[in-house]
Amino acid sequence: MRWTKAFIPTLKETPADAEITSHKLLLRAGLVRKLAGGLYTFLPLGLRVLRKVEQIVREEMDRTGALEVLMPALQPPEIWRQSGRYETAADVLFKVRDRAKKEWIMSPTAEEVITTVAAAEINSYRQMPVNFYQVCVKFRDELRPRFGLMRAKEFIMKDAYSFDVSDEAAMVSYHKMYDAYKRIFDRCGLQNFPVEADTGVIGGNYSHEFMVPAETGENEVVYCEACGYAANIEKATSGIPKTAPREAGAAAEKFPTPGVVTIDALSKAPYSVPANRQIKTLVFIADSKPLLVLIRGDDQLNETKLVARTGAVQVRPADVKNEADLAHFKSLGAMPGSLGAVANVPSDWTVLADDRLHGANDMTTGANEDGFHLRNVSIERDIKVTKWCDLRTVSAGEPCAKCAKALKIRRAIEVGHVFKLGTKYSEKLNATFLAEDGSRKASFMGCYGIGVTRTLQAIIEQCNDKDGIIWPTLVAPYTVCITPLMVGADTAVMKLAEQIYAELSAKGVDVIIDDRDDRPGVKFKDADLVGFPIRVGIGEKSLANGEVELKRRGGQLVLVKAEDAVAKVLELIASASN
RNA sequence: CGGGGCGUAGCGUAGCCUGGUAGCGCGCUUGUUUCGGGUACAAGAGGUCGUGAGUUCGAAUCUCACCGCCCCGACCA
C-alpha cells in the first residue's frame, strides 16, 4: 500500500471528546471516526486491525473444532419471552418495529437463536459435542456509552455456543474454550488473565472472565500473587475471619442515640461502638418485595452478590422518597440509620445476613425506633435470619481464602467471558435429544463471548507510549512501514525504497510505503503515532554508505546494508510472530 | 435517570461575565523556501457562533425550551 492512497487521516491534536489514551489514539491514528455517541466508523486502517484480530479469533476457534455460522441481527421477541429474558434483559434490548408494527429485537447475543436451531436439528447424542460460533455486530442499549469502542451501542462480538450430552462433557467443552481464549489474547499481544466471574443475566453456574489489566478498566479484580486465585470483585471471597464471638452477655438493651444515623457517628464518643461491633441493616426491594440485608458495620455490601443470592430480576435499595418504600420503613418503625432486625420485622420479610456475622454477639444495631439503638445483641439469639450467605465486598489486604496470603486488587478491562449454562436455555426452548440409553434429555450448554472491538482498543490501551500506538506484530495494520526521505521518482533513495517495497510485498508482508512528499519529521511522527512494528528508513545520508535504517517501534535504530534489508526485516517479523 | 461541564471553520480554542467589526493556532489551497523528528515566509479558501423562541434599535454574548456531546453516579451479558 502507498500512503498517498491509503486514507490515513492522522490528527496532531486530540479531539476534545476523548478521555482515555486508547480512545485518543484510535482517533489520532486515523483508525476510527465517531458518528454519534457509542457509534463508530472503522476507517481503512482500523478495519485492517479489526480483521487481523478477527482472523486470530477464527483460527483459534476453528482449531478447537468449533463451526462458524452467521445468525440474524433481528430476532423475534417470542423466543426471548420463552427464555424469560424478554423481561430480565429488557434494559439492554434495542427494539424496532417493522411496517406491520411487529416488534423485533436487535441481537445483543444469540442464546435463544442458536438454541432454536439446536432444538430443531440436534436430535441425537451422536450429534454432540458441537460448538457453533459467529463474529458479527451486536447491539446494546447502553445507558452511557463511553471510552470509544470500550462501551458502545453497537460493537463486534465473537459469540460461541456449545452443546453437550452431559454436565461432564459440557465441562470439557468449557475448558476447550477457556484454553482457546488464553491463546487468542496471547496472540493479540495482550497481557491477560482469567478470573472467576458472576454470571449475571446470562445465567449458569460456572464462569470466567478474561481480563486485561488497565487502570482505565471498568472492572475490579481481586487476585492472589501467591496461589493464583483471581476473581472479579463482584464474585471474590476471602479468608477473612468471622466476627470474634464474645461471652454471651445479658439481654439486648435499648439505649438512646439521638440524631445518630451513621456507623461512623456511633463509633465516636460518647457511644464509641467500633464499626466491627455494629450491624448495618439495609432495606432492599427485590422484585417489589422488601428484604432486609444485614452486614457488619465495617463491611461494604456487594450488590452483585445480593442479586445473585436473591435470584430476583430487579433488586434496588429502598428509597424513603418513594411512597411505597416509605411504607416499608414505617412497618419497621424507623427510618434508615435506626434500622435493625431484632424487633418489628414483619413475618413475611426475608432477612439475609452476611456470613461474617455468623455467631456474633455483643453487637450494636438500630432499635427500629428513631433515636435508639440496641446493644448486647446476639444474632443467633435475637435475630431471625432467613438465610446466611456471602454478601460483603472483599478489600485489598484481606487473606486469600486458599493460601492466606494478602489479596490485591487491580482494575482491568473485560475482553472475554465464558459461561457454563447447564440446561437453562435448552429446557425453556426444548432443545432436547435422545440419549444413548433411550431417554430424552435437555442438552447441556455453554456460551462464550469475546468483545472483538473492545479487544482491539484494549490492545491500544496496553501497547502505547508518548508518541503513539505500539502494535503487536500480529495485529498491526501494516507490519512494515518504508520511509523514503526523498520521494523524487528518479532518486536513488526512492528507487531503493520501491525495490524493498516490491520485495517485501512479494514475500507476503503487509507493507506500506510512505510516498508522501513531506518533511522527514512529519513522516516519522505519523509512523510512530500509527505504530507500525517495523520501520525501514531510507535517506541520502545512510545510503551514501550503502546502508538503510531498521527500527522496531519503541526500539533502537540499527543500520544494515541495503542489500540485507529485506532479509533482516523478515528475520524481525519471524522473531516477533508467535 | 440524578449531578456537573461543554457546544464558535475539518481539529483545538479565545470572545460571553460587562450586547455593537467573529479572532487565534493547527490542518487545507497556491507560490516561494527548506529537506533526518510535526520547516519558514507570503497570499488565499473556509463560519446557519448546536436548534427554536423571546428580550432589545441591535444577540455568539442576556432569558426560556429543545437537541447533541463529555465526565461522575446509577446500570452493564
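Residue numbers begin at 1 in each chain, while the letters A, B, ... track the order of the sequences. Model, not experiment: these values are computed from the prediction.
Pairing for B:rC6 goes to B:rG68, judged as Watson-Crick or G-U wobble with the two contacts each under 3.5 Å. Nucleotide B:rC62 is matched to B:rG54 when pairs are restricted to Watson-Crick or G-U wobble geometry with both distances under 3.5 angstrom. Partner assigned to B:rA22 is none, using Watson-Crick or G-U wobble distances below 3.5 angstrom. A 3.5 Å limit on both hydrogen-bonding distances identifies no Watson-Crick or G-U partner for B:rC49. Here B:rG37 sits opposite no nucleotide as a Watson-Crick or G-U wobble pair (both hydrogen-bonding atom distances under 3.5 Å). If you check B:rG73 for Watson-Crick or wobble pairing at under 3.5 angstrom, you find it paired to B:rC1.
Straight-line distance from the NZ atom of A:K153 to the P atom of B:rC76: 16 Å, rounded to whole Å. Following rounding to the nearest Å, A:H208 (NE2) and B:rA77 (P) show an atom-to-atom distance of 17 Å. Atom NZ of A:K420 and atom C1' of B:rA77 are 18 Å apart (whole Å). The NZ atom of A:K24 sits 13 Å away from the C1' atom of B:rG12 (whole-angstrom rounding). When the C1' atom of B:rG12 is taken as reference, atom CG of A:L27 falls 13 Å away, rounded to whole Å. To the nearest angstrom, P of B:rG36 lies 13 Å from CG of A:D517. One can place CG of A:D526 at 12 Å from P of B:rG38, the figure rounded to the nearest angstrom. Separating the CH2 atom of A:W80 from the P atom of B:rA77 is a distance of 12 Å, rounded to the nearest angstrom.
Nucleotides B:rU8 and B:rG12 are separated by 8 Å at their P atoms, to the nearest Å. The separation of B:rC1 from B:rG20, taken at their P atoms, amounts to 37 Å, rounded to a whole angstrom. Nucleotides B:rC11 and B:rG47 have their C1' atoms positioned 15 Å apart, rounded to a whole Å.
Looking at A:D390 and A:K305, a side-chain N of the basic residue comes within less than 4.0 Å of a carboxylate O on the acidic one, giving a salt bridge. A salt bridge does not link A:K289 to A:D287: none of the charged nitrogens lies less than 4.0 Å from a carboxylate oxygen. Between A:D299 and A:K280 no salt bridge is recorded (no basic side-chain N to carboxylate O distance below 4.0 Å). Note on A:E60 versus A:R183: salt bridge recorded, some NZ/NE/NH1/NH2 to OD/OE distance being below 4.0 Å.
One cannot find a donor-acceptor pair under 3.5 Å joining the base of B:rG38 and the side-chain atoms of A:D518. Side chain A:E549 to base B:rG36: a donor-acceptor pair is found below 3.5 Å. Put simply, the side chain of A:E13 and the base of B:rG25 share a donor and an acceptor less than 3.5 Å apart.
A:R140 comes within 4.0 angstrom of a nucleotide base, judged by non-hydrogen atoms across all strands. Looking at heavy-atom distances under 4.0 Å, A:R516 makes no contact with the nucleic acid at all. Here A:R33 lies out of heavy-atom contact (under 4.0 Å) with every strand. Residue A:F147 is in sugar-phosphate contact alone, with no base atom involved, counting any heavy-atom pair closer than 4.0 Å across all strands shown. Among the atoms of the strands shown, base atoms are found under 4.0 Å from some heavy atom of A:A89. A:K34 comes within contact range of the sugar-phosphate backbone alone, with a heavy-atom separation under 4.0 Å but no base atom that close. Using a 4.0 Å heavy-atom criterion, one finds that A:P15 contacts the sugar-phosphate atoms exclusively. No engagement by A:G449 is indicated, since no non-hydrogen atom pair under 4.0 Å with the nucleic acid exists. Within the 4.0 angstrom heavy-atom criterion, no nucleotide atom of any strand lies near A:E209. Counting any heavy atom pair closer than 4.0 Å across all strands shown, A:T14 reaches sugar-phosphate atoms only and no base atom. Contact annotation for A:D91: no contact, since no heavy-atom pair falls under 4.0 Å across all strands.
Here A:R146 does not reach the OP1 or OP2 of B:rC76: none of its side-chain N or O atoms lies under 4.0 Å away. Close to B:rC35, at under 4.0 Å from its OP1 or OP2, lies no side-chain N or O of A:R519. Dashed line: the shortest gap from a side-chain N or O of A:K12 to OP1 or OP2 of B:rG38 is not under 4.0 Å. Dashed line: the shortest gap from a side-chain N or O of A:R144 to OP1 or OP2 of B:rC72 is under 4.0 Å.
Picking from B:rU39, B:rA77, B:rG36 the nucleotide with the shortest atom distance to the side chain of A:T109 gives B:rA77. Closest approach to the A:A36 side chain among B:rG36, B:rC69, B:rA77 is made by B:rC69 (side chain taken as heavy atoms from C-beta onward). For A:L143, the listed nucleotide lying nearest its side chain is B:rC75; candidates were B:rG37, B:rC75, B:rG36. Considering only the side chain of A:V92, B:rA77 comes nearest among B:rG36, B:rC70, B:rA77. Of the candidate nucleotides B:rG38, B:rG36, B:rC71, B:rG36 has the atom nearest to the side chain of A:S542.
Minimum interatomic distance between A:T64 and A:A180 (heavy atoms only, all atoms of both residues): CG2-CB, 3.7 Å.
If A:L543 and A:G37 are placed on RNA chain B by their nearest nucleotide, the residue sitting closer to the 5' end is A:L543. In this structure, A:I538 and A:A16 both approach RNA chain B, and ranking their closest nucleotides by distance from the 5' end singles out A:A16.
Judged purely by atom type and a 3.5 angstrom limit, A:R33 uses its side chain to pair as donor or acceptor with the backbone of A:L27.
Separation of the A:Y448 and A:F419 ring centroids does not fall under the 6.0 Å cut-off.
Crowding of A:K568 atom NZ: a count of heavy atoms from other residues, nucleotides or ligands under 6.0 Å not exceeding 12.
The shortest distance between side-chain heavy atoms of A:V293 and A:T281 does not fall below 4.5 Å.
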